[in-house]
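Every heavy atom of this structure was used, including side-chain atoms; hydrogens, water molecules and symmetry mates were not. Residue numbers count from 1 along this sequence. In this text the structure is predicted, and so the values were computed from the model without any measurement.
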Amino acid sequence: MAQPISRGGLHNFISEIRNCKDKDEELKRVEKELANIRQKFTASDKLNSYHKKKYVWKLVYIFVLGYDVDFGHIEAINLMLSTKYSEKVVGYSAVALMVYPTEAPEDLMARVISAIKIDLGPGLLNDSAQCLALACIANMGGKTLAPDLAPSVQRLLVAQDTHVCVKKKAALCLLRLFRTNPDCMVHSEWSDRLSSLLEHRHVGVLTSVMSLLLGLASRSPTDYEGLVPFVIHNLQQLVGADGGSKCRSDYLYYQIPCPWLQVKFLKFLQFYNAPKDRRQRDALNAVLSKALYGEGRESEDGRPARAPTTLDQINRSNASHCVLFESVSLIAHLGPDDVDEQLRRQALWLLGKFIEKPKPGMPLMPNLKYIGLQTMARMAQLEDDSLEEIKKYEATVLSSLQDADISVRRRALDLLFVMCDGENSASIVEELVTHLAVADFEIKEEMVLKIAIVAEKFAKDLEWYVTTILQLISLAGDQVSDDIWHRLIVMVTNHKDLQQFAAEKLFEALQSNQAHETLVKVGSYVLGEFGFMIMDEPGRSGTDQFTVIMKHFLSCDHATQCQMLTSLVKLANLHEECRPLASAVFEKFLRSGHLELQQRAAEYKALPGMGDEMMEDVLREMPAWSTSRKSALEQRISQQASNSADGNALAHKKDTKAVAKAEAQAQAEAEAQAKVPAPDLLDFGGGLDVGGAPPSAPAPAPAPVLAPAPAASAASDLLGLSAAAAPPPPPPPP
């Protein structure tokens, strides 16, 4: 009989560590114990089973405290090889915690793998040892384990004589290995193997196998499409859609048949289209109907549902809603053509009830509201037919922007974004802009981005779009990214009928002494390019425009000042009276400590001496931007959606419909970008991607120019071509 660990040694050591007054005292006690254990291990042949386990447990505790343990691993592996369970559990626990496959020496990992193989080997029917070995593999993970141990784990999973506890651990362990090393499994071979496992009658085995199947199907859905009938059959048997549920009583959670397994089944079905077989489709509709019209569920026809009050009722409600929301996600995935219309209407109606403000006396359920908003947003993205129904809840969603929970406010913003169309976009943008003034800092940037996209996408009047973006800059200038104001410049540059209006609005905005720096960037660009359109209006002459730009010069950073210098030289080119003013500014910055400012000032000051023709050629109006590329704003939203995907198969739904289209579009964009020449570097977007504009490669920083250079070389510098076309001019003689 195994001797239990007494409370003397290990317990006293833990108590002494906890009673240490400071870190130094603890360190001294740990070092003393490590020296004692090292001495004991040098004479390990004299240690009995009890002392071996005690000292290894002490090493584990020291390691968990954060101290380095560089010995004792061999003793732990020896315990793994023991035939006693009490020693095996100590050895496996120590190795799983203290050995990192990517950092451990090769000889040590070879010993660990060899010990695990012995317990997983064929013919060994020690279920406890197999469970310990599988748990150790799953905890350690790593690519180094998969090639040697994956075949043994696979054999345990499919073997007929494997105990159900071992099968469950084998499925989850194999999923862990697959995630770290996908090459350890061949998808084409596992479809048939998993079909037999899906016929297993043990609910626990089914749950573990479905976790593995979800991981495999997420990588290669087409290889597992043949398992859809097995999943529908199991789901039907589990919920009792064709009669009573066949779920064992120990897998009933508050009288709900294994809700976590139901969710896995429903998630898997979201990787595929509706089954073509009529009986399978009817069975699936029956399951979804039971989820949406289940016991105690409120329905569209007015049947009430009691609010949960006791803990048991709350737990049952949580499990029930878990299945409900996954069912709604599956309904959204399948689309209106493959799901009964009444089910779709009921799903939308239930989501509407979840997101609305609770009636007096009803408890607040922020989790349901959060998931309701999230699921409704997904349905709006995936089903065009549902959008009209969802738009009825616009007022409710807008009110959710005032919710105390910021996560609910984020989901409300997402839903407003996807429910926008040509009819309601103006009202939604107006509400969002109004709310922007009081919005939390954490959500402002996302709100600004989505307002900008909606304003551009659904703008019936481009003047309204310009006004909206300028409002965003005024209310939340720090959150207006470069992509947003770059896109505004693209729109203004590409639409001649918008240029005068934009110049007027920005001239007025720059009159304020508190104009945001982003507004100064946009204003200086637009006035430099299109200010001549308003120069005949009273108070808006070239000199007035020059003055209003210089008004903000000293309050801006160097990058903005560089852009403003370009705007000033363009004004000087168009307005004779501005040339002395501009020359004085350029003269001031000839000795600037900032290289780019000095470079621009020197070249712009030298430019008039090269002749009017050269100056006109260099400072001509910027051409229209290329529109062949996708808006950078939409790319950012797509990237955010991709990063926030939570593994739900519904995210995979957009996939099956849009991945091919997105890949083709990306390929076309890459080809179009390769064909478009780089724009003139006098565009002071700074070489950044300005919405639909092709990106320009940054020119190497040239040396400061403090004296006029030959005309050809100076023009090359201005165009950013000097480094590629010709060597820089020699410095002037002393």
Side-chain angles (χ1 to χ4, degrees), residues 2-116 119 128-129 131-146 149 173 176-177 179-180:
Q3 183 180 4
I5 298 178
S6 71
R7 298 175 63 87
L10 180 60
H11 183 270
N12 285 341
F13 174 64
I14 294 175
S15 298
E16 290 173 6
I17 291 295
R18 290 180 174 178
N19 293 330
C20 289
K21 297 179 181 180
D22 52 36
K23 190 68 175 178
D24 292 337
E25 184 180 348
E26 178 184 297
L27 178 60
K28 290 179 182 179
R29 182 66 185 89
V30 168
E31 289 178 344
K32 179 181 178 181
E33 190 64 36
L34 287 174
N36 177 57
I37 296 174
R38 191 188 296 271
Q39 181 182 4
K40 296 293 184 182
F41 280 167
T42 57
S44 58
D45 54 331
K46 299 180 181 180
L47 296 178
N48 58 23
S49 173
Y50 161 71
H51 288 100
K52 289 179 181 178
K53 292 184 290 185
K54 180 181 70 172
Y55 291 135
V56 171
W57 275 130
K58 284 185 177 182
L59 289 180
V60 171
Y61 181 70
I62 292 172
F63 179 81
V64 171
L65 288 177
Y67 296 97
D68 291 332
V69 177
D70 57 359
F71 69 97
H73 302 91
I74 301 300
E75 286 73 14
I77 295 174
N78 292 335
L79 291 177
M80 291 171 61
L81 294 170
S82 173
T83 57
K84 299 179 181 179
Y85 177 80
S86 62
E87 294 182 0
K88 274 186 176 294
V89 70
V90 177
Y92 273 111
S93 299
V95 169
L97 281 172
M98 297 195 300
V99 177
Y100 294 98
T102 56
E103 301 176 4
E106 292 184 4
D107 58 337
L108 180 63
M109 285 305 303
R111 287 172 176 261
V112 172
I113 292 173
S114 177
I116 294 176
D119 286 330
S128 299
C131 288
L132 287 174
L134 292 170
C136 180
I137 297 171
N139 281 315
M140 293 177 68
K143 292 185 177 181
T144 56
L145 296 179
L149 299 178
C173 179
R176 175 76 166 94
L177 293 177
R179 285 173 174 169
T180 56

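The NZ atom of K88 lies 10.0 Å from the OG atom of S128; values are rounded to the nearest 0.5 Å. Rounding to the nearest 0.5 Å gives a distance of 9.0 Å between CD1 of I17 and CD1 of I14. Atoms CG and CD1, on L81 and I116 in that order, are 10.5 Å from each other to the nearest 0.5 Å. One finds the NZ atom of K53 at 12.0 Å from the OG atom of S93 (value rounded to the nearest 0.5 Å). The distance from the CG atom of L10 to the CH2 atom of W57 is 9.0 Å, given to the nearest 0.5 Å. Atoms CG and CG, on L134 and L149 in that order, are 9.5 Å from each other to the nearest 0.5 Å.
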### Task
List the steps, then state whether side chain to side chain contact (heavy atoms under 4.5 Å, CB included) holds for I37 with L59.
CA-CA 8 Å; I37 296 174; L59 289 180; 4.0 Å; yes
#### Entry: Trace of the side chain to side chain contact (heavy atoms under 4.5 Å, CB included) decision for Y92 with L79
CA-CA 8 Å; Y92 273 111; L79 291 177; over 6 Å; no
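A salt bridge links R38 with D70: the closest approach of a Lys/Arg side-chain nitrogen to an acidic carboxylate oxygen falls below 4.0 angstrom. A salt bridge links E26 to K23: at least one charged side-chain nitrogen sits closer than 4.0 Å to a carboxylate oxygen. The pair E25-R29 fails the salt-bridge criterion, with no side-chain N (NZ, NE, NH1 or NH2) lying under 4.0 Å from an Asp/Glu carboxylate O.
Considering only heavy atoms from C-beta on, K58 comes within 4.5 Å of E33 through its side chain. Counting heavy atoms from C-beta on, the side chains of F41 and K52 never come closer than 4.5 Å. Two residues are said to be in side-chain contact when any heavy atoms from C-beta on lie closer than 4.5 Å; I77 and L108 meet this criterion. In this structure, the side chains of T144 and E106 stay at 4.5 Å or more apart for every pair of heavy atoms. Side-chain contact between L145 and M109: present, with at least one pair of heavy atoms (C-beta onward) separated by less than 4.5 Å. By the 4.5 Å heavy-atom criterion applied to side chains, M140 and V95 are counted as neighbours. Between N139 and R176 the shortest side-chain heavy-atom distance does not fall below 4.5 Å. The side-chain heavy atoms of F13 and N36, taken from C-beta on, include no pair separated by under 4.5 Å.
Checked by atom type and distance alone, the side chain of S15 pairs as donor or acceptor with a backbone atom of H11 at under 3.5 Å.
Of all heavy-atom pairs spanning V99 and P101, the tightest one is O-CD, 3.7 Å. Closest non-hydrogen pair, G9 versus Y50, comes out as N-OH, 4.5 Å. Residues R111 and I74 approach most closely at CD-CD1, 3.7 Å, considering heavy atoms.
Within 6.0 Å of atom CG in D22, more than 12 heavy atoms from other residues, nucleotides or ligands are found, so the atom counts as buried in its surroundings. Within a 6.0 Å radius of CZ in F71, other residues, nucleotides and ligands contribute more than 12 heavy atoms.
Contacts of S49 classified as side chain to side chain donor-acceptor pair (under 3.5 Å), with partners at least two apart in sequence or in another chain: E87.
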